[in-house]
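To keep things clear, I will list the structure first and then write my remarks on it.
Here the structure is a predicted model, which means the values were calculated and not measured. Chain A is the first sequence line, chain B the second, and so forth, proteins listed ahead of strands; every chain is numbered from 1.
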Amino acid sequence: MRIKIHVWRQSNRTDRGEMKSYDLEGLSPDMSFLEMMDQLNEKLTGNGEEPVAFDHDCREGVCGSCSMVINGEAHGPKSETTTCQLYMRHFEDGAEVFVEPWRARSFPVVRDLVVDRSAFDRIIQAGGFVSNHSGPKPEPNSIPIEPGIAETALDAASCIGCGACVAACPNGSAMLFTAAKSAHLGMLPQGQTERFDRAKDMVDKMESEGFGSCRNYAECEAQCPKGISIAFIGRLNADYLKATMIEPIDRRGKMHAQ
Amino acid sequence: MNRLAAIYSSNLGKKVIAAVTGLILFGFIAGHVAGNLKVFTGSTPDGLPHIDEYAHFLREVGVPLVPHNMVIWSARIVLLLAVIMHIAVVIQLAMQSAEARPIGYVKTKRKMASPAALYMMFSGGLIAFFIVFHLLHFTVGALPLGEFQEGEVYRNLHSSFSADYWYVSLFYIITMVVIGLHLNHGLWSLFQTLGLDNPDRNKIIRLGSTVTTVLIIAGFIAIPLAFLTGQMPPVEEAYQAIAPPNH
Ligand code: HEM
Ligand code: FES
């Protein structure tokens, strides 16, 4: 099959960048999208041009590296599927395909389709952890967890941190990522200790990194390759409200009678 | 106070302010439509349309415990503060979100975001304009769009929504539909913002928001529509006392 592909080309962080178009022929419908990109790069290298830089690692949908907005959708047209799991059979022969990097101020383009997602790491550093001691492995069943809660926490934990939520959100908000990373700890007993501080610290960090604010479009959920629910955003909102409005500030002060 | 400052200083907190003020404004709209429907219930035996009586009642609520106009002005101040805060936070949020994506996409596709949600700023902007227009029109009587007699609500409505001023009715009807779009997203959205929605209730909250919105908007639209299509009793009749029965 053949396609016409339009790709964002930008040589470095300061370059202005532009869309460039290439014709590709002789593709197999069974190629993955990234194999198609590899083929494009072989062709470009053969012509003495710079290959298109793009992130990829596992190529099996678990690492979250393969960040591309394909025809206006994060990770392309197939829902709950990463770019690396997308195949050329999902496109029509002769299709025009637009490939762009994640667009957000907090995800600056490093080169072509590669963006710097370290803002996500800083959100995690702000509170996406539990302070347990790393001594001898505890007995696995020593802390009972209701199976439904464990499953929901695992749903949140299926976030691969790819950034599709930010890319898809009309406001460039990172709420789905922050919510998932806060919920997968905050729902479990081990994560209770820092639950409210975590919610506050992670949201504050997300905002100071320059991500937009959530307007409840649910576009993130629709384009998330793991289909993570905006229910976690509601949960984070509730935890954040509790952290700022209800959790005591002065826990140990004396009180007077009247 | 510190806590309110903390809420206001974050974007998530600003959304909470939008939700709470939006809820207050929604409460007003729901009450307003219920009161307005008195236009359909006729007049008192001595020739006072119920809607005029209701307008008078609003000014006199609580008298003699509180002075005249006290309750209505308190409500007006709360609503004014709510609308100012609502507009202030949503503009700040929108500006901040616009900065979050300085370079846009060549191609954009929306899978879930509804037009109502995407155009909240547009529908809200029209509401803001409408609020000013509407107050000048029926509260102050400063617009040359029909007769205006302070306190004679039925007469004013009859005149402004007559076929002579069909464009006034049209504008009111269109604006009500746009307010409906704002509320249809907004009502559900405030539950999500306050962390009160979850998958168990999502369907019912969304359905409830839509049904509430449709009922409210239908109630509002019925008024200009009824006058425009000549369904309402003429002014003289509405203000005519029923002659006491002959004994
Ligand atoms: C009577 C009038 C109004 C009512 C009943 C109302 C109601 C609401 C409600 C319930 C929300 C949802 C809040 C949330 O998502 O948590 C909302 C959001 C919003 N409103 Fe209004 N509103 C009114 C007037 C306005 C005006 C005058 C403007 C604009 C200038 C406006 C602009 C917005 C915007 C942009 C949002 C989205 C905020 C966000 O989520 O970022 N609204 N409104
Ligand atoms: S390359 Fe790892 S998820 Fe796509």
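The candidate with the highest count of non-hydrogen atom pairs below 4.5 Å against chain B, out of A/His6, A/Glu221, A/Lys200, A/Met245, is A/Met245. Between chain B and the residues A/Ala222, A/Pro170, A/Pro101, A/Gly172, the largest count of heavy-atom pairs under 4.5 Å involves A/Pro170.
In this structure, chain B has no heavy atom under 4.5 Å from any part of A/Met206. Proximity to chain A (any heavy atom under 4.5 Å) is shown, for B/Leu12, by both the backbone and the side chain. Heavy atoms closer than 4.5 Å to chain B are found in both the backbone and the side chain of A/Ile249. Neither the backbone nor the side chain of B/Leu196 comes within less than 4.5 Å of any heavy atom of chain A. For A/Glu209, no part lies near chain B; criterion is any non-hydrogen pair under 4.5 Å. In this structure, the portion of A/Glu100 lying under 4.5 Å from any heavy atom of chain B is its side chain and not its backbone. At a 4.5 Å heavy-atom cutoff, the contact between A/Phe211 and chain B is made by backbone atoms alone. Proximity to chain B (any heavy atom under 4.5 Å) is shown, for A/Ile70, by neither the backbone nor the side chain. In this structure, no portion of A/Ser173 lies under 4.5 Å from any heavy atom of chain B. For a residue to count as touching a neighbouring chain, one of its non-hydrogen atoms must lie under 4.5 Å from one of that chain's; by this rule B/Val16 touches chain A with the side chain only. Proximity to chain B is absent for every atom of A/Ala74, based on heavy atoms less than 4.5 angstrom apart. Proximity to chain B is limited to the side chain of A/Met19, based on heavy atoms less than 4.5 angstrom apart. Looking at A/Arg235, there are no atoms closer than 4.5 Å to chain B (heavy atoms on both sides), in backbone or side chain.
The line from CZ of A/Arg215 to CE of B/Met121 is 7.0 Å long, rounded to the nearest 0.5 Å. To the nearest 0.5 Å, atom CG of residue B/Leu118 and atom CG of residue A/Asn171 are 9.0 Å apart. To the nearest 0.5 Å, atoms NZ (B/Lys14) and OG (A/Ser213) are separated by 9.0 Å.
Between the side chain of A/Asn237 and the backbone N or O of B/Gln192 there is at least one donor-acceptor pair closer than 3.5 Å. A donor-acceptor pair under 3.5 Å is absent between the side-chain atoms of B/Gln96 and the main chain of A/Gly212, judged by distance alone. Remark: side-chain polar atoms of A/Asn216 are paired, donor with acceptor, to backbone N or O of B/Ser189 under 3.5 angstrom.
The heavy-atom pair separating A/Glu219 from B/Lys109 by the smallest distance is OE2-O, 3.8 Å.
Evaluation of the ring pair (Phe, Tyr, Trp, His ring centres under 6.0 Å) test over residues 7-32 of chain B, restricted to residues two or more places apart or in two chains, returns B/Phe28-B/His32, B/His32-B/Phe220.
At a threshold of 4.5 Å between non-hydrogen side-chain atoms, the residues B/Ile7 and A/Leu241 count as touching.
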